[in-house]
Trainee: 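Sharing a structure, written as structure tokens. Questions coming.
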Amino acid sequence: MSPPLARRLLAEFLGCAFLAAVVIGSGIAAQQLSPGDTGLQLLENALATAAGLFAIILMVGPVSGAHLNPVVSLVDASFGGLRWREALAYVPAQITGCIAGAIVANAMYGLAAISISDRHRASEAHLLAEAVATLGLLLVIFSLARTHRISTVPAAVGAYIGAAYFFTSSTSFANPAITAGRMFSDTFAGIAPASVPSFVAAQLVGGAAAIGVIRILYRKLSATEAADVLMPQDEPSRT
């Protein structure tokens with residue numbers, strides 16, 4: 001039995017806050033540790049994000065499923081794994097969590113709590129990369145749910161995102177919530193507000209494409225399997 005919705009929303013908020021803190025905090029640290037070496041900065045940021053995702057999914061997965069991403073929640077609802085009203089409740093929890101995490105990351109490094117990024121990223125190549133990155137992420141998640149390999153999801157998602165930092169030109173945001181959060185840090189991981197709408201649109205396009213591809217590749221994906229994407233939600237019984 002799934003935990004109450006309020007508890008799941010808190011888990012999504014906290015998970016997203018930690019995710020944003022990992023992404024932005026490691027980006028700030030990379031800038032400070034490796035000044036002038038963008039490639040090394042990106043490597044440090046990618047490794048920290050991959051490891052952090054692994055741990056965060058394990059941390060909040062048993063409560064909320066560790067979606068940590070509005071596109072994951074919406075696609076999951078389209079397959080019956082999550083009620084639509086629950087998916088729509090997840091989205092603001094995820095976005096506000098990422099914004100809170102960005103503010104905390106800034107503060108941990110002695111920066112202004114809120115600093116709006118001026119990093120413009122929305123080129124045609126970057127938008128294509130975001131659609132591809134989001135499509136790939138969803139295929140990883142739902143393929144593992146369909147083939148009952150849920151225990152491998154934390155490592156697989158972390159590995160995919162870590163790799164996508166390098167194989168996509170956009171460095172694979174692949175998540176509207178983290179995209180919104182990264183607006184609030186004018187640092188290595190930031191994104192200018194003007195770039196956010198097109199990034200989110202590209203991510204939603206990737207999500208829509210994923211629905212079609214998943215239906216073709218995994219025609220027997222059931223609502224029960226979809227409910228277990230990332231990690232099963234389990235309310236322990238009391239004895």
Trainee: Mind checking whether L42 and Y160 sit in one hydrophobic cluster, side chains of I, L, V, M, F, W, Y counted as touching below 4.5 Å?
Mentor: yes
Trainee: Do S185 and T187 have a side chain donor and acceptor closer than 3.5 Å?
Mentor: yes
Trainee: Scan side-chain atoms only and decide if S73 and Q94 contain a donor-acceptor pair under the 3.5 Å cut-off.
Mentor: yes
Trainee: Count the heavy atoms of every other residue, nucleotide or ligand shown that sit under 6.0 Å from CZ of F18, and state whether that count exceeds 12.
Mentor: no
Trainee: Out of curiosity, R7 CZ to L10 CG, how far, rounded to the nearest 0.5 Å?
Mentor: 9.5 Å
Trainee: For E44 and S34, test the side chains for any donor-to-acceptor distance below 3.5 angstrom and give the result as yes or no.
Mentor: yes
Trainee: Is there a side-chain contact between F166 and T171, using heavy atoms and a 4.5 Å cut-off?
Mentor: no
Trainee: Answer yes if the side chains of T147 and R149 hold a donor-acceptor pair under 3.5 Å, and no otherwise.
Mentor: yes
Trainee: Check whether S143 reaches the backbone of V140 with its side chain - one donor and one acceptor, N or O, closer than 3.5 Å.
Mentor: yes
Trainee: Are the aromatic ring centres of F199 and F173 under 6.0 angstrom apart?
Mentor: yes
Trainee: So, taking the atom named CZ in R119 and the one named CD1 in I191, what distance separates them when rounded to the nearest 0.5 Å?
Mentor: 11.0 Å
Trainee: Do W84 and L74 touch side chain to side chain, with heavy atoms closer than 4.5 Å?
Mentor: yes
Trainee: Could you state the interatomic distance from CG (D228) to OG (S222), rounded to the nearest 0.5 Å?
Mentor: 8.5 Å
Trainee: Once you round to the nearest 0.5 Å, how far does CG of L137 lie from CG of N69?
Mentor: 6.5 Å
Trainee: Are L40 and L33 joined in one hydrophobic group, where the rule is that I, L, V, M, F, W and Y side chains link up if heavy atoms are under 4.5 Å apart?
Mentor: no
Trainee: Taking side chain as C-beta onward, heavy atoms only, is F54 less than 4.5 Å from V157?
Mentor: no
Trainee: Please answer whether the main-chain N or O of F184 pairs with a side-chain N or O of N106 as donor and acceptor at a distance below 3.5 Å.
Mentor: yes
Trainee: Do you know the tightest heavy-atom contact between I24 and A189?
Mentor: CA-CB, 4.1 Å
Trainee: How about CZ on R215, more than 12 heavy atoms from neighbouring residues, nucleotides or ligands closer than 6.0 Å, or not?
Mentor: yes
Trainee: Can you give me the closest heavy-atom contact between G162 and A46, atom names plus distance?
Mentor: O-CB, 3.9 Å
Trainee: Rounded to the nearest 0.5 Å, how far does CG of L139 lie from CZ of R146?
Mentor: 14.5 Å
Trainee: Check whether T168 reaches the backbone of A164 with its side chain - one donor and one acceptor, N or O, closer than 3.5 Å.
Mentor: yes
Trainee: Do the non-hydrogen side-chain atoms of L68 and V60 ever get within less than 4.5 Å of each other?
Mentor: yes
Trainee: According to a 4.5 Å side-chain heavy-atom criterion applied to Ile, Leu, Val, Met, Phe, Trp and Tyr, with indirect links allowed, do L82 and I214 form part of one hydrophobic cluster?
Mentor: no
Trainee: Would you say the side-chain atoms of D76 pair up with the backbone N or O of V229, donor to acceptor, closer than 3.5 Å?
Mentor: no
Trainee: Is there side-chain contact between I178 and C16, with heavy atoms separated by less than 4.5 Å?
Mentor: no
Trainee: If you look at every heavy atom in I150 and A145, which pair is closest and at what distance?
Mentor: CD1-CA, 3.6 Å
Trainee: Donor-acceptor pair, distance only, cut-off 3.5 Å: does the side chain of N175 make one with the backbone of V71?
Mentor: no
Trainee: Is it true that the side chains of Q203 and T179 contain a donor and an acceptor less than 3.5 Å apart?
Mentor: yes
Trainee: Taking all atoms of both residues into account, what is the closest heavy-atom pair of A50 and G158, and its distance?
Mentor: CB-O, 3.2 Å
Trainee: Quick one: pull up CG in L135 and CD1 in I211 and give me the separation to the nearest 0.5 Å.
Mentor: 11.0 Å
Trainee: For R8, is there an ion pair with E86 - N to carboxylate O distance below 4.0 angstrom?
Mentor: yes
Trainee: So does D186 get a backbone contact from the side chain of S117, meaning a donor-acceptor N/O pair under 3.5 Å?
Mentor: no
Trainee: Under 3.5 Å, is there a donor-acceptor pair linking the side chains of E12 and S64?
Mentor: yes
Trainee: Do M108 and V22 belong to the same hydrophobic cluster, where Ile, Leu, Val, Met, Phe, Trp and Tyr are linked whenever their side-chain heavy atoms lie under 4.5 Å apart, directly or via other members?
Mentor: no
Trainee: State, yes or no, whether a side-chain contact exists between I161 and Y165 at a heavy-atom distance under 4.5 Å.
Mentor: yes
Trainee: For R121, does its backbone N or O pair with a side-chain atom of H126 as donor and acceptor, under 3.5 Å?
Mentor: yes
Trainee: Side chains of I116 and P193, heavy atoms from C-beta outward: is any pair under 4.5 Å?
Mentor: yes
Trainee: What are the two closest non-hydrogen atoms of I28 and A105, and how far apart are they?
Mentor: CD1-O, 4.0 Å
Trainee: So do the side chains of H148 and E225 get within less than 4.5 Å of each other, counting heavy atoms only?
Mentor: yes
Trainee: When hydrophobic residues are tied together by side-chain contacts of less than 4.5 Å, even through go-betweens, does L9 share a cluster with M59?
Mentor: no
Trainee: Could you report the tightest heavy-atom contact between A20 and A102, atom names first, then the distance?
Mentor: CB-N, 3.8 Å
